[in-house]
Visitor: 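Have a look at the structure that comes next, please.
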Amino acid sequence: MSTTDAVPFDPQAIRADFPILATVVHGDKPLVYFDNAATTQRPRQVISSLVEAYEQHYANVHRGIHWLSEQSTDLYEEAREAVRRFIHARTQQEVVFTTGATAAINLVARSWGDQQVGAGDEIVLTEMEHHSNIVPWQQLAERTGCTLRFVPITDDGFLILEALDDLLNERTRLVAVTAVSNVLGTVNPVAQIVSRAHAAGARVLVDAAQSVPHAATDVQAWGADFVAFSGHKMLGPSGVGVLYGREELLEAMPPFLGGGSMIRRVTLEGFEPADLPAKFEAGTPPIVPALGLAAAIKYLEQIGMDAIRRHEMQLTARAHEVLEALDGVRLLGPAPEHKAGITSFVVQGIHAHDIAQIMDQHGVAIRAGHHCTMPLHKRLGVAASSRASYYFYNTLEEIDQLGIALRDAQRIFRRGQRRNDG
Ligand code: 7TS
């Protein structure tokens, strides 16, 4: 059982740890921060870990033999261990620090992709991927002549798994799929996708940018070959992310970026790469952001990932109730029990940007646009959507504010409409 079953989950107490959540905007509107899928906020514990690192422990890592460098190196490697434990990787060698999920996916596309994928090979993606899990594969296709195929989705935002089975064949080298859609909120059946892909002889990369922050993660239970995620979407600083890779795969892959730290030996004729994970961490890594990520993980572990997931499911269920009670609002994606804390919607007769602007006047911060998923929006037949995305520090009362702000947007636009009609 998670620790939270012993400690009651109290969003108000939690909010006191997040200074920015006390912000008042436009003079008198308490900030309602619903843009967590873009990036989350940080508790004092994470912010002070950064200050402490710079004030007490900072030096470059894996270089000096001086006291401070050894201390900095130890803390950096402890941060790696915190990540390993958090995602249940087998070894620290399987945890590579990158600058984010995007960098992690590009690392796989460049290193594994260039080595393993050739003309005529196939890579299977889905229609609900973020551009970060589409464009690196399109670039790989340009380099190698491989073909990209896409698992279609149902109108209510589920992957059509039978279609995955049809797409898999002996030419499929990789299935790259998001664990949670950053627009639909759909929680995909990752373990099932992995076992089907493996049965066909394909590798699997999981884009876990929207799932690792919100639910307990076990990369071994998923059976995934690669998993990518970002620190800034889970209370950590920007500038650090993680690539998990199964050790034997990372062992066999060539380094992507070249430079300091990733080598064992360099001569004028050539180089010998370092062991894992240094092989994939060329140059000075995101030292302090990694320490901040470790502090974020500690904070999340204290709250408990199961409690976080439960609370976010309540928020999403309430958001569905509130939004479905309004006329002319189309919710994207499945029913709330199949979703993470993300509700995207389209309002008849009002552009998503106008919605976001009126919401902002109420202090409610949401995102509007295509959310880096242009192909998904095309599939849904909409140019843009509005998206409210939650984290465990959000409250049911804030969801009610979302409803009030949206009703106000509709009132303003209907009034404008009547004036135009008149
Ligand atoms: N994959 C998914 C599913 C994402 O949602 C994002 C970021 C990324 C990858 C890329 O992460 P990064 O940290 O490397 O940028 N998604 C969003 C979003 O939905 N709104 O802003 C960023």
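Both counts, for ligands and for their atoms, begin at 1 and track the order of listing.
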Visitor: Between Lys279 and Pro254, is there a side-chain heavy-atom distance shorter than 4.5 Å?
Guide: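 Pro254 vs Lys279: side chains apart.
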
Visitor: When you measure from the heavy atoms of Ala37 to every atom of ligand 1, does any distance fall below 4.0 Å?
Guide: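 In this structure, Ala37 qualifies as a contact of ligand 1 - some heavy atom is under 4.0 Å.
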
Visitor: At what distance, to the nearest 0.5 angstrom, does CD of Glu247 lie from CD of Gln92?
Guide: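 That separation rounds to 10.5 Å.
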
Visitor: Select the closest option to atom 9 (C) of ligand 1 among Asp207, Thr102, Ile342, judged by heavy-atom distance.
Guide: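 Ranked by closest heavy atom to atom 9 (C) of ligand 1, first place is Asp207.
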
Visitor: Does Tyr391 offer a backbone N or O that forms a donor-acceptor pair with the side chain of Asn394 under 3.5 Å?
Guide: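 Judged by distance alone, yes, a pair lies under 3.5 Å.
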
Visitor: Would you check whether Thr178 reaches within less than 4.0 Å of ligand 1, judged by its heavy atoms?
Guide: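 Right, Thr178 reaches ligand 1.
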
Visitor: Please report which non-hydrogen protein atom sits nearest to atom 5 (O) of ligand 1, along with the residue it belongs to and the distance in Å to one decimal place.
Guide: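 Result: Gln210 NE2, 2.7 Å.
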
Visitor: Using a 4.0 Å cutoff against the non-hydrogen atoms of Ala209, which atoms of ligand 1 qualify?
Guide: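 Contacts of ligand 1 toward Ala209, numbered from 1: 1 (N), 2 (C), 4 (C), 9 (C).
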
Visitor: Distance check, rounded to the nearest 0.5 Å: Tyr58 atom OH versus Ser69 atom OG?
Guide: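 It is 10.5 Å, given to the nearest 0.5 Å.
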
Visitor: Quick one: look up the protein heavy atom nearest atom 7 (C) of ligand 1 and list residue, atom name and how far away it is.
Guide: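 Nearest protein contact, heavy atoms only, for atom 7 (C) of ligand 1 is Lys233 NZ, 2.8 Å.
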
Visitor: Please tell me if the side chains of Ile160 and Pro152 come closer than 4.5 Å, counting only heavy atoms from C-beta onward.
Guide: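 When only atoms from C-beta onward are counted, Pro152 and Ile160 do touch, with a gap below 4.5 Å.
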
Visitor: I need the nearest protein heavy-atom contact for atom 21 (O) of ligand 1: residue, atom name and distance, please.
Guide: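 Nearest protein contact, heavy atoms only, for atom 21 (O) of ligand 1 is Arg367 NH1, 2.9 Å.
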
Visitor: Classify the ring geometry of Tyr299 against Phe18: parallel below 30°, tilted from 30° to 60°, perpendicular beyond 60°.
Guide: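 Plane angle over 60°, so perpendicular.
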
Visitor: May I ask which of His131, His371, His130, Met128 has a heavy atom nearer to atom 4 (C) of ligand 1 than the others do?
Guide: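 The option holding the nearest heavy atom is His130.
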
Visitor: Go through ligand 1 atom by atom and flag the ones less than 4.0 Å from a non-hydrogen atom of Ala101.
Guide: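 Here the atoms of ligand 1 in question are 11 (O), 14 (O).
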
Visitor: Tell me, please: is Glu129 in heavy-atom contact with ligand 1, that is, under 4.0 Å?
Guide: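 For ligand 1, residue contact (heavy atoms, under 4.0 Å) with Glu129 is absent.
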
Visitor: Give the numbers and elements of all ligand 1 atoms closer than 4.0 Å to a heavy atom of Ser230.
Guide: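 Those qualifying, in numeric order: 11 (O), 12 (P), 13 (O), 14 (O).
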
Visitor: What is the nearest protein non-hydrogen atom to atom 19 (O) of ligand 1, stated with its residue, atom name and distance?
Guide: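 That would be Arg387 NH1, 2.6 Å.
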
Visitor: N/O to N/O below 3.5 Å, does that happen between Ser132 and ligand 1?
Guide: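 No; every N/O pair is 3.5 Å or more apart.
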
Visitor: Below 30° counts as parallel, above 60° as perpendicular, anything between as tilted: where do the rings of Tyr390 and Phe34 land?
Guide: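 Plane angle over 60°, so perpendicular.
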
Visitor: Are any side-chain N or O atoms of His362 and backbone N or O atoms of Leu402, one a donor and one an acceptor, separated by less than 3.5 Å?
Guide: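 The answer is no, because no donor-acceptor pair under 3.5 Å joins these two groups.
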
Visitor: What atoms in ligand 1 come closer than 4.0 Å to a heavy atom of Asn182?
Guide: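 Under 4.0 Å from Asn182, ligand 1 has these atoms: 5 (O), 18 (C), 19 (O).
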
Visitor: Distance from Leu380 atom CG to His370 atom NE2, nearest 0.5 Å?
Guide: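 That separation rounds to 14.0 Å.
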
